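Structure first, commentary second.
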Number of protein chains: 2
Amino acid sequence: MRIGQLAQLVGVETQTIRFYEQQGLLPPPDRQDNGYRVYTEKHGEGLAFIRRCRILGLSLAEIHELQSYQDDPHQPCTAVNALLDDHISHVRSQITALQALEKQLVSLRASCNDEREVEACGVLAGISEGNMHQQ
Amino acid sequence: MRIGQLAQLVGVETQTIRFYEQQGLLPPPDRQDNGYRVYTEKHGEGLAFIRRCRILGLSLAEIHELQSYQDDPHQPCTAVNALLDDHISHVRSQITALQALEKQLVSLRASCNDEREVEACGVLAGISEGNMHQQ
DNA sequence: TATTGACCTTATAGTAGCTTTATAGTTTAA
DNA sequence: TTAAACTATAAAGCTACTATAAGGTCAATA
């Protein structure tokens, strides 16, 4: 299987696959005589794992960490769970921050209708005067 | 006022001020004979505006756009409000996505306790098997 | 006077996670 | 045979800074 087929199979760009290889997330595959990369099913699974982690918002460093656990399957999985717990609390604090931000933006938006000149725009005035009740 | 004083006044790093100048967000200030930048109160206001926009999550490009409206104060402020509306809906969709993600992560986490080996870890198995009910 | 320290200058690189571009060699179908 | 589609590498671009390097300026101190 060549890189384009693998890319299509998993739904990523070929460059992304090379990028993961370069970052040490995918093992370097064998090469044909012409230098083309040849992938096995294992690579497909590895790549799919990476993509699912990315969809879950894990960083490449965190994925790397998970892979190192996979390479040593007889240790307790406490660390895996801890990584996920950390990530969950990270996501939660992002949500909280964004909700506070949304409130701020909505109240700023409420300070203007569309029927003014820029000079008198409530939104611009609000930002300029710093009427920004912090979180 | 020199760059260090301005930086302290507004609460940013000196490099950030030079960066904004380079990006065209702050007008280039006059220079002393020795080449040091000299800032006025106007610059302080401009920088504070930028920072407040950043705190609201606006991109430098969006800030640039707002500045162009400020430079032409007699047009209607519809575009300003539209920019903010776009930003609000962007923030909202981020929140929605993160909430869906949180759900997914929590259910994944629930599939394992800490008392297993990595080999049997429910979290890793969940990711590997792709039991990821998409949004 | 010499030097120390705090400040300023520019230019360059690093961060995350790719994407884009440039340049070039290879394979395959018409 | 020639063009399309694929592959390769290397390097730059994206965002919004932050950090580092190497050096010039200035005031106070020993």
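Being a predicted model, the structure only gives us computed values, none of them experimental. Quick note on labels: first sequence line is chain A, next is B, and so on, each numbered from 1.
Sorted by first and then second residue, the side chain to side chain donor-acceptor pair (under 3.5 Å) pairs with a member in residues 86-99 of chain B read A:Glu102-B:Arg92; sequence neighbours excluded.
In A:Glu41, the CD atom is not crowded: 12 or fewer heavy atoms of neighbouring residues, nucleotides or ligands sit closer than 6.0 Å.
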Please tabulate, one pair per line, each protein N/O and nucleotide N/O from nucleotides 23-26 of chain C that are separated by under 3.5 Å, including the distance.
from   : atom 1 : to      : atom 2 : distance (Å)
C:dG25 : N2     : A:Tyr36 : OH     : 3.0
C:dT26 : O4'    : A:Tyr36 : OH     : 3.2
C:dT26 : O3'    : A:Asn34 : ND2    : 3.3

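Within the 4.5 Å cutoff, the side chain of A:Pro27 has heavy atoms near those of the A:His43 side chain. In this structure, the side chains of B:Gln70 and A:Glu119 stay at 4.5 Å or more apart for every pair of heavy atoms. At a threshold of 4.5 Å between non-hydrogen side-chain atoms, the residues A:Ile127 and B:Leu66 count as touching. Residues A:Thr40 and A:Met1 fail the side-chain proximity criterion, which asks for heavy atoms closer than 4.5 Å.
When every heavy atom of B:Cys121 is checked against every heavy atom of A:Val80, the shortest pair comes out as SG-CG1, 3.8 Å. Heavy-atom minimum distance, A:Val91 versus B:Leu98: CG1-O, 3.7 Å.
The closest donor-acceptor contact from the side chain of B:Glu62 to the backbone of B:Ser59 lies under 3.5 Å.
Side-chain N/O atoms of B:Arg54 and B:Tyr20 include no donor and acceptor closer than 3.5 Å.
By the ring pair (Phe, Tyr, Trp, His ring centres under 6.0 Å) test, A:Phe49 is found to be paired with no residue, residues two or more places apart in sequence or in another chain being considered.
For the pair B:Leu6 CG and C:dT9 C1', the computed distance is 17 Å after rounding to whole Å. When the C1' atom of C:dC8 is taken as reference, atom CD of B:Gln5 falls 12 Å away, rounded to whole Å.
DNA chain C is contacted by B:Arg18, B:Arg31 of residues 18-31 of chain B, taking any non-hydrogen atom closer than 4.0 Å.
Of the charged side-chain nitrogens involved, none lies within less than 4.0 Å of a carboxylate oxygen, so that A:Asp30 and A:Arg2 do not count as a salt-bridged pair.
Between A:Arg37 and B:Gln15, the residue whose closest nucleotide on DNA chain D is further toward the 5' end is A:Arg37.
Side chain of B:Thr14, nearest nucleotide from C:dC8, C:dT20, C:dG17: C:dC8.
Between chain A and DNA chain D, the heavy-atom contact criterion of under 4.0 Å yields a 5' to 3' nucleotide range of D:dC6 to D:dT9.
Comparing the local axis fitted to the first five base pairs of the helix from C:dT1-D:dA30 to C:dA30-D:dT1 with the one fitted to its last five gives a bend of 40°, rounded to 10°.
At the phosphate of C:dC7, neither OP1 nor OP2 sits under 4.0 Å from any side-chain N or O atom of B:Arg2.
A:Leu108 and B:Leu83 end up in the same hydrophobic cluster when Ile, Leu, Val, Met, Phe, Trp and Tyr side chains are linked at under 4.5 Å.
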